[in-house]
Amino acid sequence: MIASPKIVIAGSGRIAWHLGRRLKTKGLHVAQVISRTLEHAVALGEALGCASTDDWAAIRSDADWILIAVRDDSIEAVAGLLAPHAPDAFVTHTSGATPGKALAPFFARYGVFYPLQTFSMDRTPVWSKIPFCVDAVQKEDLLFLKKTAKTIGNLVYQVNDEQRARLHVAAVFANNFVNHCFAIAEKLLE
């Protein structure tokens, strides 16, 4: 992986916004944002100072790293749309629940860049406390992900698909169970 990779973010939701801004803050240049909704792609592209599009075929063919930051149920569809136009790119997704292998039918170089965090638009993440779970099929790409995660955060772990799925389920359970308890407590107090 080159020192200053051309990064493309596929997606324009909460995680795309937070990761995009953090990458920019840390001097890593996002070259393009691509999203199914042009208005959203343009907004994030303007915030990051980069090109934007809703045309999957217009993805930069010279992209070094494509960061797919979309809903879990859209990862494979997005990978299928991108693969014909950037077949040599290193591609990751940000999901805790989706195996990295979901990208294997589309790309030879793939991995996972999963921040173990619930992102919301109205809260600024405390990046030093967010664990980044990374994995890749090629050693060079794994080293790149570890270095990138260390640049934008502090806690970096190599986690395979099975381990990440367990972490994700535990995190969802802990977060949702606590929220559910708060909702029950609120009803009791009413």
How close do [X] and [Y] get, counting heavy atoms only, and between which atoms?
X	Y	value
Asn154	Ser128	CB-O, 3.4 Å
Tyr110	Phe107	CD2-O, 3.3 Å
Arg60	Ala31	NH1-CB, 3.6 Å
Ala149	Val156	CB-CG2, 3.6 Å
Ala63	Ala89	O-CB, 3.5 Å
Pro105	Ala102	CD-O, 3.4 Å

Practice task
Output all residues satisfying ring-ring contact (aromatic ring centres under 6.0 Å, His included) with Phe132, sequence neighbours left out; order by chain, then residue number.
Solution key: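 With neighbours one apart ignored, the set is Phe113.
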Problem - Contacts of type ring-ring contact (aromatic ring centres under 6.0 Å, His included), residue Phe119, not counting sequence neighbours - result: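 With neighbours one apart ignored, the set is His18, Trp127.
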What side-chain donor-acceptor pairs closer than 3.5 Å can you find for residues 46-56, not counting sequence neighbours?
| from | atom 1 | to | atom 2 | distance (Å) |
| --- | --- | --- | --- | --- |
| Thr53 | OG1 | Asp55 | N | 2.9 |
| Asp55 | OD1 | Ala57 | N | 3.0 |

Interatomic spacing from [atom1] in [X] to [atom2] in [Y] - rounded to 0.5 Å:
X	Y	atom1	atom2	answer
Asp72	His93	CG	NE2	8.0 Å
Thr148	Leu143	OG1	CG	10.5 Å
Leu145	Lys147	CG	NZ	12.0 Å
Gln117	Thr94	CD	OG1	12.5 Å
Asp161	Thr98	CG	OG1	9.5 Å
Ser12	Ile34	OG	CD1	10.5 Å

Handout entry: Main-chain N/O of Asp88 paired with Arg109 side-chain donor or acceptor, under 3.5 Å
Key =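 Such a contact is found between Arg109 side chain and Asp88 backbone.
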Problem - Trp65 side-chain N/O to Lys6 backbone N/O, donor-acceptor pair under 3.5 Å - result: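 Pair absent, no side-chain N/O of Trp65 close to backbone of Lys6.
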Is [Y] reachable from [X] through a run of I, L, V, M, F, W or Y residues, each pair having side-chain heavy atoms under 4.5 Å apart?
X	Y	value
Trp17	Val42	no
Val33	Val70	no
Ile9	Ile130	yes
Leu116	Ile68	no
Leu142	Val137	no

Handout entry: Intermediate values then yes/no, side-chain contact (heavy atoms from CB on, under 4.5 Å), Ile75 and Leu103
Key = CA-CA 8 Å; Ile75 292 170; Leu103 298 173; 4.0 Å; yes
Exercise for the section: Applying side-chain contact (heavy atoms from CB on, under 4.5 Å), run through Ile152 and Leu19 and close with a yes or a no. Expected result: CA-CA 9 Å; Ile152 65 175; Leu19 283 176; 4.0 Å; yes
Residues forming a salt bridge (Lys or Arg N to Asp or Glu O under 4.0 Å) with [X], sequence neighbours excluded:
X	value
Asp73	Arg71
Glu190	none
Arg21	none

Problem - Student check: side-chain heavy atoms of Pro5 and Phe90 closer than 4.5 Å - result: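 No - every pair of side-chain heavy atoms lies 4.5 Å or more apart.
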Problem - Criterion side-chain contact (heavy atoms from CB on, under 4.5 Å) on Gln32 and Ile59, from CA distance to verdict - result: CA-CA 8 Å; Gln32 184 182 41; Ile59 189 166; 3.6 Å; yes
Practice task
Please say whether more than 12 non-hydrogen atoms of neighbouring residues, nucleotides or ligands are located less than 6.0 Å from CZ in Arg22.
Solution key: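 Buried by this count: over 12 neighbours within 6.0 Å.
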Problem - Derivation of the side-chain contact (heavy atoms from CB on, under 4.5 Å) call for Val91 and Leu82 - result: CA-CA 10 Å; Val91 180; Leu82 297 174; 5.7 Å; no
